[in-house]
Amino acid sequence: METTIETDERPRVYLETYGCQMNITDSQLVAAVLSRAGFASAARPEDADVILLNTCAIREHAEERVLGRLSDLARLKHRRPELRLGLLGCMAQHNRAALVEKAPYLDLVAGPDAYRRLPEMLGRAGFDAQVDVRLDRAETYGDISPAHDGGVRAYVTVMRGCDKFCAFCVVPYVRGRERSVAPEDVLREVRELAARGVREVVLLGQTVNAYRFGDVDFAALLRRVAAVEGIERVRFTSPHPSDVSDAMIEAMATEPRIQPYLHLPVQSGSNRVLAAMERGYTVERYLELVARLRRAIPGLALSTDIIVGFHGEAERDFEETLALMRAVGYDQAFTFKYSLREHTRAFKLGDTVSEEEKSRRLAEVIALQESISLERNRALLGERFAVLIEGPARRGNGMLAGKTPQFKTAIFASARGLAPGDTVTVRVDDATAHSLACSLV
Ligand code: SAH
Ligand code: SF4
Ligand code: F3S
């Protein structure tokens with residue numbers, strides 16, 4: 001940490017993060033910005049001079065959780081009025097100054113493009129709350145290396161914002177226009193991470209494969225990252241189906257360090273619903289893409305995102321979603337009840353599916369995916385995989401955990417001399433829907 005101030009005197013910041021991986025990485029960016037400006041970090045809100053919540057706005061439930069947490073933290077502030085409380089991220093951008101009315105104890109509201117100005121805002125915060133929700137088409141934070149957590153895998157943001165404007169989604173409004181980080185900045189960060197022991201990088205963006213900087217498209221970026229000395233595995237998330245190029249598939253098929261796993265959000269299996277969602281593809285085109293990917297990339301694993309109960313989703317549309325899930329045979333699916341979001345194109349259309357019906361449909365997609373995941377994992381019994389060791393398994397008892405190339409969690413007994421960052425070969429002995437029990441070979 002580069003600072004001249006005595007450790008004891010530095011203001012301490014407690015940072016809590018909600019939402020997606022991009023937000024987690026943004027929090028590491030905020031930590032780096034504040035550390036440079038002479039702030040220290042606090043492990044608990046009770047020990048902090050500044051509490052910041054980095055928030056998500058994707059569904060109503062995400063915002064409710066944060067408001068609940070905020071009112072808890074307001075009690076701390078009541079006891080210690082000098083404590084400063086701030087809201088960062090997508091929900092800050094979504095609700096803006098209205099937040100200060102809802103939560104008058106907030107001292108600071110900063111959107112995703114305002115993080116460079118945080119030290120200044122914190123320096124100024126007095127009686128009036130500081131609000132900065134200017135979106136900036138050019139801000140990529142490319143020159144700032146986020147504080148790394150020390151693991152063998154690191155996430156690197158390569159593009160910010162989204163230009164797709166899917167009818168249900170708030171991201172383009174809270175994260176602003178699409179922009180890519182200069183390849184030199186991406187590569188500098190990846191080299192720094194490799195030097196610190198990182199073996200796997202995951203390139204991040206809301207539509208990561210829309211990456212373009214000058215002549216460098218996403219496929220070219222993938223190849224350059226894969227060539228960085230010390231990096232053994234490269235992944236990325238989330239690609240948009242409409243932006244998958246032949247060059248991207250070719251890079252995955254021919255560059256052994258690019259891992260055979262894709263998170264390819266489909267959202268619905270009904271063409272009527274996909275059109276209303278303004279996703280820009282049909283079921284037929286999506287399935288054709290999946291077939292092309294599987295032909296080119298042997299052993300490819302696929303996961304997806306699915307929304308149930310979107311405006312106008314009839315029972316037969318929902319059944320088409322179930323049929324698509326069976327047809328593709330996803331390894332994993334993240335499933336959500338549709339949540340109406342202010343500012344989005346679908347907002348004015350309202351809800352047509354009741355909460356009870358959404359819950360029923362959600363339970364059904366979850367149950368179906370569980371059975372598909374289990375079946376797909378059980379089909380791997382006896383097979384061998386290279387696993388990059390991440391650390392002790394969550395359940396403990398001397399077991400180690402890591403990921404297969406397909407991003408499946410493998411759990412196996414430790415052996416002398418093995419450490420995080422090592423790659424071992426394992427054989428699958430048993431499987432659940434969520435992990436593989438393995439032994440070293
Ligand atoms: N950029 C990614 C998705 C980011 S948001 C992509 O396009 O693939 C992650 C997921 O949240 C989405 O894929 C979608 O399934 C879900 N989601 C987004 N908006 C939602 C809403 N209003 N209600 C319910 N789920 C939503
Ligand atoms: Fe949202 Fe669509 Fe952009 Fe994904 S591609 S972030 S779902 S608008
Ligand atoms: Fe991520 Fe939530 Fe923002 S999903 S981009 S933190 S709205």
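Being a predicted model, the structure only gives us computed values, none of them experimental. Whatever order the structure lists them in is the order used to number ligands and atoms, beginning at 1.
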Which residue and heavy atom of the protein sit nearest [atom], plus the separation:
atom                    : value
atom 10 (C) of ligand 1 : D305 OD2, 3.4 Å
atom 4 (C) of ligand 1  : Q206 OE1, 3.2 Å
atom 8 (O) of ligand 1  : P265 CG, 2.8 Å
atom 7 (S) of ligand 3  : A57 N, 3.3 Å
atom 17 (N) of ligand 1 : R59 NH1, 3.5 Å
atom 5 (S) of ligand 1  : I58 CD1, 3.6 Å
atom 24 (C) of ligand 1 : K337 O, 3.3 Å
atom 14 (C) of ligand 1 : Q267 OE1, 3.4 Å
atom 21 (C) of ligand 1 : S339 O, 3.6 Å

Decide whether an N or O pair under 3.5 Å exists between F336 and ligand 1. no

Would you say T207 has any N or O atom under 3.5 Å from an N or O of ligand 1, going by distance alone?
-> no

Note to self: Any heavy atom of M22 closer to ligand 3 than 4.0 angstrom?
What the structure shows: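 Checking ligand 3 against M22, which is what was asked, there is no heavy-atom contact under 4.0 Å.
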
May I ask whether Q206 places a heavy atom under 4.0 Å from ligand 3?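 Per 4.0 Å heavy-atom rule, Q206 contacts ligand 3.
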
Can you confirm whether more than 12 heavy atoms, excluding those of [X], are under 6.0 Å from its [atom1] atom?
X    : atom1 : answer
D72  : CG    : yes
R137 : CZ    : no
H61  : NE2   : no
R116 : CZ    : yes

Which atoms of ligand 3 have any heavy atom of [X] under 4.0 Å away?
X   : answer
C56 : 2 (Fe), 4 (S), 6 (S), 7 (S)
C90 : 3 (Fe), 5 (S), 6 (S), 7 (S)
N23 : 6 (S)

Notebook entry, point to check: Can an N, O or S atom be found in C20 less than 2.8 Å away from atom 2 (Fe) of ligand 3?
Noted result: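 No N, O or S atom of C20 is closer than 2.8 Å to atom 2 (Fe) of ligand 3, so no.
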
Side chain R177, main chain C162, donor-acceptor under 3.5 Å: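 At least one qualifying donor-acceptor pair exists.
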
Using only atom types and a distance under 3.5 Å, with no angle test, would you say the side chain of R10 pairs donor to acceptor with the backbone of S41?
no

Of all heavy-atom pairs between M252 and Y261, which one has the smallest distance, and what is that distance?
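What the structure gives for the nearest pair is CE-O, 4.1 Å.
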
task = Using the side chain to side chain donor-acceptor pair (under 3.5 Å) rule, take H434 and N377 through it: C-alpha gap first, then chi angles, then the decisive distance, then the call.
result = CA-CA 8 Å; H434 304 283; N377 284 349; over 6 Å; no

Of M22, R279, K164, the residue with the heavy atom nearest atom 7 (O) of ligand 1 is R279

Exercise. Run through L83, L85, L73 and flag the one making a side chain to side chain contact (heavy atoms under 4.5 Å, CB included) with Y105.
Key: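 Among the candidates, only L85 passes.
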
Need the ligand 1 atom indices (1-based, order shown) with element for anything under 4.0 Å from a heavy-atom of R341.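 By the 4.0 Å cutoff, the relevant atoms are 22 (N).
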
Check: [X] ring centroid to [Y] ring centroid under 6.0 Å:
X    : Y    : value
F218 : F236 : yes
F168 : F347 : no
F334 : H263 : yes

Going by the 4.0 angstrom heavy-atom rule, the piece of M91 near ligand 3 is neither

- Query: Do any heavy atoms of I307 fall under 4.0 Å from ligand 1?
  - Reply: yes

Atom pair OG1 (T352) and NZ (K358), whose distance is rounded to the nearest 0.5 Å: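 Atom-to-atom, T352:OG1 and K358:NZ are 8.0 Å apart.
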
Side-chain H-bond candidate by donor/acceptor type, S27 with T17, under 3.5 Å
yes

Near ligand 2 (heavy atom, under 4.0 angstrom), the protein residues are C162, K164, F165, C166, F168, C169, V171, P172, Q206, T207, H240, R279

>> Is any side-chain heavy atom of R69 closer than 4.5 Å to one of Y18?
In response: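 SC-SC contact between Y18 and R69 confirmed.
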
Any side-chain heavy atom of T25 within less than 4.5 Å of one from L204? yes

